[in-house]
Amino acid sequence: MKEFGLQLWSIRDEFTTPERTRAAFKKMQEYGYTLAQTAGTYDYISPEDFRKYADEAGIRLVSTHYNFDRICNDVEGTARYHEILGAKEIGIGGYATPDFESLKAFIKKFNEMARIYYDNYGYQLAYHNHASEFSNQFFEIEGKRKYDYLMEELDPETTNFTVDSYWAQIAGIDVRALLERLAGRVKCLHLKDCQANCDFRTEDGRIVHAPERIEIGRGTMNFPALIKTAEATGVKYFIVEDEVYSTGNPLESVKMSADYIKAHLLEK
């Protein structure tokens with residue numbers, strides 16, 4: 001890992017005005033981040049200015065979490081938006097499919113849209129997991145869970161996966177084994193630590209308890225081993241996503257994660 005990025009959801013309250021956006025990218029630069037994955041559409045600012053402020057800070061916008069309705073219903077606008085940002089990957093943060101029929105319909109639609117973007121613009125569509133895709137308490141048909149169907153049926157030429165290490169781990173998944181199974185199909189890996197005493201419980205299709213997400217280096221995730229496997233299986237972008245802030249301040253927490261990465265994980 002020679003560089004690392006930030007999922008902008010981590011500091012989402014900083015992205016509310018053009019002025020704060022510019023300042024947030026500069027803070028990221030100070031902390032050592034050089035990549036970013038967006039979280040939403042940022043309609044308060046033009047994509048040109050959003051890209052300009054990122055460029056000023058030396059931040060490359062490599063991927064997005066975008067609105068699936070816009071992906072489906074505004075192909076030209078979505079492609080143009082990503083062209084301006086410079087991101088070749090159009091991602092979604094997940095998709096609710098409560099039954100087998102809705103899952104099959106989603107996979108069909110995702111593949112259809114991915115083919116359009118790939119053939120016409122050279123973009124791939126990316127799917128980001130949470131815990132429910134792996135849990136048979138939420139979804140299991142014919143011995144397979146939701147993520148099995150996604151891995152088997154999404155087109156490997158036109159789609160890829162953003163693997164969220166925390167959500168996979170708390171669902172009982174060996175994240176390194178998952179990366180090996182998806183070798184060549186994961187471009188972004190979300191780095192997110194997990195507090196000790198992992199206890200993941202669901203009730204009536206709802207998560208009723210999960211171990212807290214925590215800043216990188218403060219939990220149980222074996223990041224040195226995870227990074228080694230990620231590099232070996234073709235992961236391109238290592239993206240920090242801090243969502244729970246022990247410091248009480250999102251900017252301080254993403255700095256804490258960056259400091260750990262620079263001290264312990266970054267290739268010297």
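Positions are given from 1 along the sequence. Quick caveat, the model's predicted, so the values are computed rather than measured.
When side chains are defined from C-beta on, L182 counts as touching Y147, because their heavy atoms get closer than 4.5 Å. Two residues are said to be in side-chain contact when any heavy atoms from C-beta on lie closer than 4.5 Å; C188 and K236 fail this criterion. The closest side-chain heavy-atom distance from L150 to T159 is not below 4.5 Å. Using a 4.5 Å heavy-atom cutoff, the side chains of R70 and T41 are in contact. Inter-residue side-chain proximity for W167 and F134 is flagged as unmet; no heavy-atom pair is nearer than 4.5 Å. Considering only heavy atoms from C-beta on, R20 comes within 4.5 Å of E14 through its side chain. Looking at S10 and V254, their side chains come closer than 4.5 Å, going by heavy atoms from C-beta outward. At a threshold of 4.5 Å between non-hydrogen side-chain atoms, the residues E157 and R115 count as touching.
Residue P47 comes nearest to L85 through the heavy atom pair O-CD2, 4.0 Å, listed as atom of the first residue, atom of the second, then distance. For the residue pair S165 and V175, the shortest heavy atom distance occurs at O-CG2, 3.6 Å. Taking all atoms of both residues into account, the shortest heavy-atom contact from S63 to E89 is OG-OE2, 2.5 Å. Across every non-hydrogen atom of A168 and N129, the tightest pair is N-ND2, 3.8 Å. Considering every non-hydrogen atom in both C194 and Q169, the closest pair reads CB-NE2, 4.1 Å.
Between E83 and R80, at least one side-chain nitrogen of the basic residue sits less than 4.0 Å from a carboxylate oxygen of the acidic one, meeting the salt-bridge criterion. With respect to the salt-bridge test (charged N to carboxylate O, under 4.0 angstrom), the residues R181 and D174 do not qualify. No salt bridge links K52 with D49; every basic N to acidic carboxylate O contact stays at or beyond 4.0 Å.
Considering CD1 of I45 and CZ of R51, their distance stands at 13.5 Å, rounded to 0.5 Å. The CG atom of N160 sits 10.0 Å away from atom CG of L154, with the distance rounded to the nearest 0.5 Å. In this structure, NZ on K26 lies 9.5 Å from OH on Y53, to the nearest 0.5 angstrom. If you take NZ on K228 and CG on L265, they are separated by 14.0 Å, rounding to the nearest 0.5 Å. Atom CZ in F238 sits 12.5 Å away from atom CD1 in I216 (nearest 0.5 Å). With rounding to the nearest 0.5 Å, the separation of CZ in F110 from CG in L103 is 12.0 Å.
Q37 and Q7 are linked by a side-chain donor-acceptor pair at a separation below 3.5 angstrom, with hydrogens and angles left out of the test. In summary, the side chains of Y44 and T21 do present a donor paired with an acceptor at a separation below 3.5 Å, with no hydrogens or angles considered. No hydrogens or angles considered: nothing links the side chains of H65 and T38 as a donor-acceptor pair under 3.5 Å. For the 3.5 Å distance criterion, the side chains of S257 and D242 qualify, holding a donor opposite an acceptor. For the residue pair S246 / E215, a side-chain donor-acceptor distance below 3.5 Å is found, with atom types taken as modelled.
Residues Y245 and L251 do not share a hydrophobic cluster, defined by chaining ILVMFWY side chains whose heavy atoms lie under 4.5 Å apart. There is no path of hydrophobic side-chain contacts, each under 4.5 Å, that joins Y118 to F106. In the hydrophobic cluster analysis, where Ile, Leu, Val, Met, Phe, Trp and Tyr join through side-chain heavy atoms closer than 4.5 angstrom, Y81 is grouped together with I92. In terms of hydrophobic clustering, with Ile, Leu, Val, Met, Phe, Trp and Tyr side chains grouped at heavy-atom distances under 4.5 Å, I59 and L6 are assigned to a common cluster. Placement of W9 and V163 in two distinct hydrophobic clusters is found when ILVMFWY residues are connected by side-chain heavy-atom separations under 4.5 Å, directly or transitively.
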* To do: Give the C-alpha distance, both sets of side-chain angles, the deciding distance and a yes or no for ring pair (Phe, Tyr, Trp, His ring centres under 6.0 Å) between Y95 and F68.
  => CA-CA 9 Å; Y95 196 83; F68 191 54; 5.3 Å; yes
Check against side-chain contact (heavy atoms from CB on, under 4.5 Å), K27 and I11: CA-CA 11 Å; K27 281 291 186 184; I11 52 172; over 6 Å; no
Going through the distances and angles, do T158 and L125 end up as a side-chain contact (heavy atoms from CB on, under 4.5 Å)? CA-CA 7 Å; T158 62; L125 296 191; over 6 Å; no
| request: Starting from the C-alpha separation in whole Å, work towards a yes-or-no answer on side-chain contact (heavy atoms from CB on, under 4.5 Å) for I261 and M1. | output: CA-CA 10 Å; I261 290 171; M1 184 169 61; 3.6 Å; yes
Next item on the list: Evaluate the side-chain contact (heavy atoms from CB on, under 4.5 Å) criterion for residues V244 and I214: first the C-alpha distance (whole Å), next the side-chain angles of each, then the deciding distance (0.1 Å), finally the verdict.
Entry: CA-CA 6 Å; V244 176; I214 200 164; over 6 Å; no
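Under the salt bridge (charged side-chain N to carboxylate O under 4.0 Å, His left out) criterion, the residue pairs touching residues 185-195 are D164-K192, K192-E241, K192-E243, with sequence neighbours excluded. Screening residues 59-69 for salt bridge (charged side-chain N to carboxylate O under 4.0 Å, His left out), with sequence neighbours left out, gives E3-R60. Listed by first then second residue, pairs satisfying ring pair (Phe, Tyr, Trp, His ring centres under 6.0 Å) with a partner in residues 11-36 read F4-Y33, F15-F25, F15-Y42, F25-F50, not counting sequence neighbours.
A donor-acceptor pair under 3.5 Å is absent between the side-chain atoms of T97 and the main chain of D99, judged by distance alone. Distance alone, capped at 3.5 Å, is enough to place a donor-acceptor pair between the Y117 side chain and the I71 backbone. Of the possible donor and acceptor atoms, one in the side chain of N111 sits under 3.5 Å from a partner among the backbone N and O of E153. Using modelled atom types, one side-chain atom of N120 and one backbone atom of I116 make a donor-acceptor pair closer than 3.5 Å.
Between H128 and H130, the angle of the ring planes goes over 60°, which puts this pair in the perpendicular group of the 30/60° scheme. Ring pair H82/Y66 is perpendicular by interplanar angle, where above 60° counts as perpendicular and below 30° as parallel.
T229 is linked by a side-chain hydrogen bond (donor to acceptor under 3.5 Å, both in side chains) to R176, counting only residues two or more places apart in sequence or in another chain. Every residue two or more places apart in sequence or in another chain that forms a side-chain hydrogen bond (donor to acceptor under 3.5 Å, both in side chains) with Y127 is listed here: E133.
Other residues, nucleotides and ligands contribute only 12 or fewer heavy atoms inside 6.0 Å of the NZ atom of K108. Surrounding CD of E152 are more than 12 heavy atoms belonging to other residues, nucleotides or ligands, all under 6.0 Å away. Residue K88 qualifies as enclosed at atom NZ: its count of foreign heavy atoms under 6.0 Å is above 12.
Under a 4.5 Å side-chain heavy-atom criterion applied to ILVMFWY residues, the cluster that includes I239 comprises L35, V62, Y237 as well.
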